[in-house]
Amino acid sequence: MSITSTQYDMLKLMRGNTDSSANRVARLVLVNGISQPDAMREASVSRTTAHLKVKRYTEAYNLTLQHHKIGKSESSVNIDRHPFCL
């Protein structure tokens, strides 16, 4: 069996502890719409940890859109301009 680099990157995100504080911060920001600083305080993680985890999930989301040929749309997220990540 062979998978693409994109598929590998998406699978990599499914591993690990889904109950971790870092994953919780990403969920609070990306799903619940809480600002990154507020989510960071609620989950008790550093600014760097919060930023990297949100960035990782955002990149994976955008890869998924590309992989499924959805392409650039209003659904894609630019992590550098996302209001919850500033």
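In this text the structure is predicted, and so the values were computed from the model without any measurement.
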Test side-chain contact (heavy atoms from CB on, under 4.5 Å) applied to Ile34 and Val29, Val25, Leu28, the passing residue = Leu28
task = Going by the side-chain contact (heavy atoms from CB on, under 4.5 Å) test, name the single residue among Arg41, Glu42, Gln36 that passes it with Asp38.
result =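 Exactly one pass, corresponding to Arg41.
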ask   = So, the side chain of Thr49 versus the backbone of Val45: is there a donor-acceptor pair under 3.5 Å, distance only?
value =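 Not a single qualifying donor-acceptor pair exists.
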task = Drop me the distance from Thr48's OG1 to Lys53's NZ, to the nearest 0.5 angstrom.
result =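 Going from OG1 on Thr48 over to NZ on Lys53, the span is 14.0 Å.
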inquiry  = As an exercise, state the distance from CG of Asn23 to CZ of Arg56, rounded to the nearest 0.5 Å.
reply    = 9.0 Å
inquiry  = What I'd like to find out is whether the side chain of Arg24 reaches to under 4.5 Å of the side chain of Asp19, using heavy atoms alone.
reply    = no
ask   = What heavy-atom pair brings Met40 and Arg47 nearest, and what distance separates the two atoms?
value =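 So the minimum-distance heavy-atom pair works out to SD-CA, 3.3 Å.
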